[in-house]
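Just so it is clear, the model here is predicted, and its values are computed rather than measured. Below, chain A is the first sequence line, B the second, and so on; all start at residue 1.
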2 protein chains.
Amino acid sequence: MITDPPYGSGGFLAKDTTKSSKSKYVSSDASYQQTLPDIDGDSLHPEAWKELMLNACKEAKRVLKPGGYLLMFIDWRNLPALQEAIHAAGIQLRGTAVWDKGRATRPNKNGFRNQAEYILWGTHGSIATRETPVYLPGVLQHATLTNGKVHITQKPEALMSDLVEICPPGGVIYDPFMGSGTTGVATLKSGRQFIGAESVGQYFETALNRCRGVLGGERI
Amino acid sequence: MITDPPYGSGGFLAKDTTKSSKSKYVSSDASYQQTLPDIDGDSLHPEAWKELMLNACKEAKRVLKPGGYLLMFIDWRNLPALQEAIHAAGIQLRGTAVWDKGRATRPNKNGFRNQAEYILWGTHGSIATRETPVYLPGVLQHATLTNGKVHITQKPEALMSDLVEICPPGGVIYDPFMGSGTTGVATLKSGRQFIGAESVGQYFETALNRCRGVLGGERI
DNA sequence: CCTTGCGATGAATCCATAT
DNA sequence: GATATGGATTCATCGCAAG
């Protein structure tokens, strides 16, 4: 299970929960405001967001085979809460990988640039041996997408391709918050199988089309 | 205040609290086992470690001027607890910088390399304006030291030199867990003033000598 | 085809103003 | 007085057009 859930980044101030996720993430580009729908679940009250994350992690525990992996994106603000949710669901937390977005992120006056997002990863029980072991890097450097985005927080496909390698060849990857479906695209291109879910209809359609684009005439 | 406290990384398993910090951090080089003393406070029970961190953060709040900065190193395991301690002490948490140690770290079979450490940073109250503002990167890439280390968890001087820039020129930097004194060396070389503390006598002497080496004949 | 330059952008943050 | 709103800010990078 590899997923990029809503970050619920209104965690510290109540007022943030009243903004729509669009107005938080899209600063000035008016075309996005008109064409891209909101993220569902990002404006939740902190407690409700934690509950949602806990349920997602419990679902991971339920569907994962023994030795299966859970990978979840999060920002620095809600990393502690998500770590707790993963732990509470009974997933064995193994570490934190870093997505280094590079220097093309907004600078921070008299402070450190907010340049990284985090990927918490754990397993259902102990790590399974496999025929050809993989050794993945702990810091993944990929620039953020600038144009041609079909989702507000769309991840680079190359980043997802790196992550997908954690699943044994031919395995199944599940993304319950698939958004525009980049996880699915990277999964299918790697020859693995994909199951995805998305609550916003417009994003679901986008994801379906992008996955179809990879598979061509094959059954979907 | 810039400091690299004991990580208390025996947080999840009780047996870890019985290991000495040496046996955890020094893998194969037998000479270290003989010559370098333990870190004080690293084998604490999780609750005792949290208490120690909370006290350190409260001390930061006490000594920092308004607008002053707190920077603390931590690994992924105890990041949530330290974040909580900083928050509880009344320091305003601003973000998380990443120390990318590069590929020269131990690979992780069927998993992501544990390649990063984290630097939580916050301020006492709001950020002060300064004559010439600084814009610091969010990911700092510096290889770990391999030889010539005088402390088990010694940080590269170039890394500390980057961090020291958060303090206005001519300012004072305080490190209550200074270890072998790399923070002090970087601070003094940058023309700032330094105050340090260290509970292990042998490390204190090392730090004193290294700082003297920078200052030369000046008063220490 | 390669280089230069201009413009737009970012899971943001700050501060002054309004409620 | 505390909280919410809105506009200005900052720079490394990418895209695109022009030379």
To the closest 0.5 Å, what do you measure between CD (B/E198) and OG (B/S180)? 8.5 Å
Atom C1', compared across C/dA11 and D/dG15: separation rounded to whole Å: 22 Å
Assess whether side-chain contact (heavy atoms from CB on, under 4.5 Å) is satisfied between B/Q115 and B/R103, documenting all intermediate values. CA-CA 7 Å; B/Q115 175 180 344; B/R103 300 297 188 85; 4.1 Å; yes
Nearest to side-chain heavy atoms of A/R106, which nucleotide of D/dT10, C/dA11, D/dT13: D/dT10
Side chains of A/R210 and A/T182, heavy atoms from C-beta outward: is any pair under 4.5 Å? yes
A/N108 side-chain proximity, nearest of D/dC11, C/dT13, D/dC14: C/dT13
Side chain of B/R94 - closest among C/dC14, D/dT13, D/dT10: C/dC14
B/Y135 OH to C/dG10 C1', in whole Å, measures 15 Å
Protein-nucleotide distance (A/W99, atom CH2; C/dG10, atom C1'), rounded to Å: 11 Å
Find the distance A/L159:CG to C/dA11:C1' and express it as a whole number of Å. 14 Å
State the CG-CG distance between A/D75 and A/N114, to the nearest 0.5 angstrom. 8.0 Å
Can you pull the ring-ring contact (aromatic ring centres under 6.0 Å, His included) pairs that have at least one residue in residues 145-195 of chain B, sequence neighbours excluded? B/H151-B/Y203
Donor-acceptor pair (no angle test) under 3.5 Å: A/D4 side chain, C/dA11 base: yes
Which pairs pass salt bridge (charged side-chain N to carboxylate O under 4.0 Å, His left out) with one or both residues in residues 157-175 of chain B, sequence neighbours excluded? B/E157-B/K189, B/E165-B/R192
Ignoring backbone atoms, establish whether A/N114 has a side-chain N or O less than 4.0 Å from OP1 or OP2 of C/dT13. yes
Nearest-Å distance for atom pair CZ/C1', residues A/R113 and C/dT9: 13 Å
Ignoring hydrogens and geometry beyond distance, is the side chain of A/R103 in donor-acceptor contact with the base of D/dA12 at under 3.5 Å? no
Can a donor-acceptor pair be found, under 3.5 Å and without considering hydrogens, that links the side chain of B/D100 to the backbone of B/L140? no
For C/dA11 and A/K101 - does any side-chain N or O of the residue sit under 4.0 Å from the phosphate oxygens OP1/OP2? yes
d(CZ, A/F112; C1', C/dT13) in whole Å: 16 Å
Just the rounded figure in Å: distance from C1' of C/dT13 to CD of A/Q115. 16 Å
Nearest to side-chain heavy atoms of B/I127, which nucleotide of D/dA12, C/dA11, C/dC14: C/dC14
Of the listed nucleotides C/dT13, C/dC14, D/dT10, the one nearest the side chain of A/R77: C/dT13
Does B/P137 reach a base, just sugar-phosphate, or nothing at all? Heavy atoms under 4.0 Å. nothing
Counting only heavy atoms not in B/Q154, do more than 12 sit closer than 6.0 Å to its CD atom? yes
Rounded off to whole Å, could you give me the CH2-to-C1' distance for the A/W76 and C/dA12 pair? 11 Å
What nucleotide among D/dC14, D/dT10, C/dC14 has an atom nearest to a side-chain atom of A/A143? D/dC14
Among C/dA11, D/dT13, D/dC11, the one nearest A/P107 by side-chain distance: D/dC11
Given that A/T144 and A/K109 both sit by DNA chain D, which one's nearest nucleotide is further toward the 5' end? A/K109
Secondary-structure stems for DNA chain C, with pairs counted as Watson-Crick or G-U when both distances are under 3.5 Å and runs at least 3 long: C:2-10 with D:11-19, C:12-19 with D:2-9
To the nearest angstrom, how far is A/K149 atom NZ from D/dG15 atom C1'? 15 Å
